Amino acid sequence: MTEPSPRDVPARVRSDVAHNARVWNYWLGGKDNYPVDRAVGDQVTDMYPSIGEVARADRAFLGRVVRHLAGDKGVDQFLDIGTGLPTVNNTHEIAQHTLPPARVVYVDNDPIVLAHARALLTSSPEGATEYIDADARQPERILRGAAATLDLQRPVAVMMLGILNFVLDTDEARSIVKSLMDAVPSGSYLVLTHPTTELGGEGNDAAMRFWNENATPPITARGRSDVASFLSGLDLLEPGIVSCARWRAETGTGGEPGPEVAQFGAVARKP
């Protein structure tokens, strides 16, 4: 990419340390990343060759879920926490294509994400799209900000794709989810993806150790039981907690499911 000039880069940006949002962008084929992001991304790929497939499967899962919730369930409010850098088929584009009056609030704390979001995340005329600069560990701040755009007395789809893995303490992660879901009414949904070592992926452990030594923020994998604990008290939609690549995915020409990736995906409804 053409490196941004100093005046274009927010003051909080570290271009000398790899950051998740930019490395993820690199794995998805984007150009909003620095040499350090590409170097770390390439090293992780060498150690864990399927990481690019994980990134693409996670993105495809988002599209299927948003189309299902907006199109089949009539959900017209989305709170997307840890959205990452804008790319094609963002949450608001899919939701508003399906349901034009949909309202979407994005949350992230990366300054480059903030700059891109303000420039690129434009709403349909009928709906609304806003951005909150906040950390996932600040659910009260997120909810206060979201309330300016979303009606929290009506169902909301809370999207937490690949974000709880950056909250290393599982009790804290559960508390964050509980605070968010306690604040939204019956008929709301929780959407999660989370990396795991339970679905294969040779080199995943070593790649995560390398990441935690060379990039930010640090990451952890979790098993099915921990992911299930985030969904406690909610009604899990079929097919349950599965590889995100297989959540209501179209089967191949022979009727077989596509390959798994080492990333759980799940959707649950608040009763």
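Please read these numbers as outputs of a predicted model, since none were measured by experiment.
- With no hydrogens or angles considered, no side-chain donor-acceptor pair links R103 and T149 at under 3.5 Å.
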Please lay out, stage by stage, how D110 and H19 fare under the test side-chain contact (heavy atoms from CB on, under 4.5 Å). CA-CA 9 Å; D110 182 86; H19 191 279; 3.2 Å; yes

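- Checked against the 6.0 Å centroid criterion, the rings of H92 and Y106 qualify as a close aromatic pair.
- Panel note: side chain K73, backbone H68; no donor-acceptor pair is recorded below 3.5 Å.
- Going from atom CD1 of I176 over to atom CD of Q138 covers 9.5 Å, rounded to the nearest 0.5 Å.
- S243 and Q263 share no side-chain donor-acceptor pair at under 3.5 Å.
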Could you walk me through whether Y48 and D205 pass side chain to side chain donor-acceptor pair (under 3.5 Å), step by step? CA-CA 9 Å; Y48 181 40; D205 284 331; over 6 Å; no

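- Judged purely by distance below 3.5 Å, without hydrogens or angles, the side chains of T91 and D80 pair a donor atom with an acceptor atom.
- Residue F166 is not grouped with residue V17 when hydrophobic side chains (ILVMFWY) are merged at heavy-atom distances under 4.5 angstrom, including chains of intermediate members.
- A 4.5 Å side-chain heavy-atom check between Y131 and V105 finds every atom pair outside the cut-off.
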Passes side chain to side chain donor-acceptor pair (under 3.5 Å), T220 versus N165? Steps please. CA-CA 5 Å; T220 189; N165 39 280; over 6 Å; no

Derivation and outcome, side-chain contact (heavy atoms from CB on, under 4.5 Å), residues L161 and V191: CA-CA 7 Å; L161 275 63; V191 182; 3.7 Å; yes

Verdict with reasoning, D76 to R154, per salt bridge (charged side-chain N to carboxylate O under 4.0 Å, His left out): CA-CA 9 Å; D76 63 356; R154 296 176 52 246; 2.8 Å; yes

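- The shortest side-chain heavy-atom distance between P185 and Q153 does not fall under the 4.5 Å cut-off.
- Put simply, the side chain of V156 does not reach to within 4.5 Å of the side chain of F78, judged on heavy atoms.
- In terms of hydrophobic clustering, with Ile, Leu, Val, Met, Phe, Trp and Tyr side chains grouped at heavy-atom distances under 4.5 Å, I142 and L150 are assigned to a common cluster.
- Judged by distance alone, with hydrogens and angles left aside, the side-chain atoms of E93 form a donor-acceptor pair with the main-chain N or O of N89 at under 3.5 Å.
- Side-chain contact between W27 and T45: present, with at least one pair of heavy atoms (C-beta onward) separated by less than 4.5 Å.
- Remark: the backbone N or O of G162 is paired with a side-chain donor or acceptor of T193 at under 3.5 angstrom.
- S188 places no side-chain N or O within 3.5 Å of a backbone atom of V184 that could act as its donor or acceptor partner.
- Taking each heavy atom of I132 and G145 in turn, the nearest pair found is CD1-C, 3.4 Å.
- E198 places a side-chain N or O within 3.5 Å of a backbone atom of R224 that can act as its donor or acceptor partner.
- Side-chain atoms of T196 and D226, non-hydrogen and from C-beta on, never get closer than 4.5 Å to each other.
- Side-chain contact between I94 and L62 is present, with at least one heavy-atom pair separated by less than 4.5 Å.
- In this structure a side-chain-to-backbone donor-acceptor pair under 3.5 Å is present from D169 to E172.
- Taken to the nearest 0.5 Å, the CG atom of L192 stands 11.5 Å off from the CD1 atom of I163.
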Apply the test side-chain contact (heavy atoms from CB on, under 4.5 Å) to residues W24 and N33: give CA-CA distance (whole Å), side-chain angles for both, the deciding distance (0.1 Å), then the verdict. CA-CA 9 Å; W24 198 256; N33 44 73; over 6 Å; no

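- Salt-bridge formation is not detected for the pair R141/D135: no Lys NZ or Arg NE/NH1/NH2 atom is positioned less than 4.0 Å from an Asp or Glu carboxylate oxygen.
- R222 has its side chain within reach of T170: a pair of non-hydrogen atoms, C-beta onward, lies under 4.5 Å apart.
- Using a 4.5 Å heavy-atom threshold, the side chains of M159 and Y189 count as separate.
- Checked by atom type, the side-chain pair R137/N109 shows no donor-acceptor distance below 3.5 Å.
- Put simply, the residue from L28, D37, V36 that forms a side-chain contact (heavy atoms from CB on, under 4.5 Å) with V23 is D37.
- Side-chain N or O atoms of W211 include one that pairs as donor or acceptor with a backbone N or O of P217 at under 3.5 Å.
- Atoms CG and CZ, on L231 and R269 in that order, are 14.5 Å from each other to the nearest 0.5 Å.
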